[in-house]
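One structure is given below, encoded as structure tokens.
Atoms within each ligand, like the ligands themselves, are counted from 1 in listed order.
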Amino acid sequence: MANKTYKLNTGQDIPALGLGTWQSEPGKVREAVAFALKSGYKLIDCAYCYANEEEVGQGLAEAFAAGVKREDIFVVSKVWTTYNTRVELGLDKSLKSLGLDYVDLFLVHWPLLMNPEGNDDRFPKLPNGERDIIRSHNHVDTWKQMEQLLKTGKTRAIGVSNYSKRYLEQLLPHATVVPAVNQIENHPALPQQEIVDLCKEKGIHIMAYSPLGSTGGPLFSAEPVVKIAEKHGVKPATVLLSYHFPRGSTVLAKSVTPERIKENMNVIDLDEEDVKLLKDYSDKLTSEGKLQRFVYPPFGIDFGFPDKS
Ligand code: 1BO
């Protein structure tokens, strides 16, 4: 299962499982990336915003020195909101830090613009302490710039992240290139079914981040998750990662611990009964209004989540 791939609308193969680097502790990411790639991971998910791309680049270099081939792996990065009017500059910065001359996929991290004059300040603030968001910016203009990037060869595909149904519906009528991917928070307590269904209909692949919710959070002890884990003799985390394969999505497993990085590769095939149990759980939370979003937008803007258009 860990070697499974999907086809993107570009024709590229994208691995079903990847290593996430968001919130990976500095000083540990290099080793984690190198270890994951040497252990067989094929996808590394990064972003300028995560402030660790240089270290990720060191891990990539270590893996290449150990024989991992660039063409055999899939590297994802994302343009940060302060670069949403200068996406090529944002990509250049990521490429420099990663030590690469192209990424396989480059995403718009969030559909809004933060004051570009803040430059390397990732969260520029107004004097009153509020986020310095340029509200007159239209996220479709960012996408138009993203489309131009394909001509540069610096990315093989382009996509979006954290786009709700509403944002996708605003974007798609103007898109010459349909996003290859929408990377969203996704797990049984936040199925985001409307977004997932729309993306499927439009040929946009889903990448799921924060698949475990929060560390030690409620998903680990959710009844259906525990029941399925016991049935297959695996850990709840394995069930939560495996949840995405029947849904046709790629899942990002974040860890800097070698044992856990290895363990996360032991994803399994869930059977129909498991899929139903997890769907019933999601449906129950949805109907009770108890969906759980663990990652809140860092901007104080209503992005239409969860499952709201
Ligand atoms: C704020 C970052 C969310 C995951 O990419």
Side-chain angles (χ1 to χ4, degrees), residues 14 17-26 29 32-33 43-56 74-84 87 90-91 93-94 97-98 103-115 118 120-125 130-133 139 142 146 155 157-164 167-168 179-187 189-190 192 195-196 199 204-215 217 219 240-241 244 249-256 291-306:
I14 184 168
L17 173 73
L19 181 79
T21 61
W22 181 41
Q23 295 181 320
S24 291
E25 298 84 338
V29 193
V33 168
L43 188 157
I44 306 292
D45 180 71
C46 330
Y48 172 81
C49 169
Y50 303 163
N52 58 12
E53 281 191 325
E54 237 168 79
E55 232 189 281
V56 171
F74 196 103
V75 181
V76 184
S77 185
K78 311 179 193 81
V79 64
W80 184 237
T81 57
T82 49
Y83 285 87
N84 276 1
V87 300
L91 175 54
K93 286 176 91 76
S94 287
S97 300
L98 294 167
V103 288
D104 298 276
L105 174 66
F106 195 53
L107 306 177
V108 180
H109 207 149
W110 292 89
L112 87 169
L113 177 70
M114 296 256 274
N115 188 353
D120 290 340
D121 179 355
R122 286 166 173 78
F123 293 98
K125 284 189 180 145
E130 281 176 19
R131 300 278 187 227
D132 195 351
I133 296 164
H139 66 92
T142 298
M146 293 290 283
T155 183
I158 51 173
V160 297
S161 180
N162 299 303
Y163 273 53
S164 65
Y167 278 77
L168 285 169
V181 158
N182 186 16
Q183 188 181 120
I184 53 171
E185 180 184 348
N186 201 207
H187 43 70
L190 193 67
Q192 310 236 54
I195 302 174
V196 172
C199 286
I204 303 170
H205 183 66
I206 294 287
M207 289 179 85
Y209 72 77
S210 289
L212 308 181
S214 49
T215 313
L219 276 176
L240 292 169
L241 295 176
H244 298 277
S249 307
T250 288
V251 62
L252 298 172
K254 180 250 154 181
S255 178
V256 290
L291 291 171
Q292 294 169 55
R293 181 162 165 73
F294 297 107
V295 180
Y296 287 90
F299 312 106
I301 280 186
D302 175 12
F303 281 88
F305 292 110

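- There is a side-chain donor-acceptor pair under 3.5 Å between E53 and S94.
- In this structure, D104 contributes its side chain and V75 its backbone to a donor-acceptor pair below 3.5 Å.
- Distance alone, capped at 3.5 Å, places no donor-acceptor pair between the S24 side chain and the V256 backbone.
- Side-chain atoms of N84 do not come within 3.5 Å of backbone N or O of T142 as any donor-acceptor pair.
- For ligand 1, the protein residues placed under 4.0 Å by at least one non-hydrogen atom are W22, Y50, H109, W110, Y209.
- Every ring pair (Phe, Tyr, Trp, His ring centres under 6.0 Å) that Y167 has, sequence neighbours left out, goes to H139, F303.
- Counting only distance, with no hydrogens or angles, the side chain of W80 and the backbone of R122 share a donor-acceptor pair below 3.5 Å.
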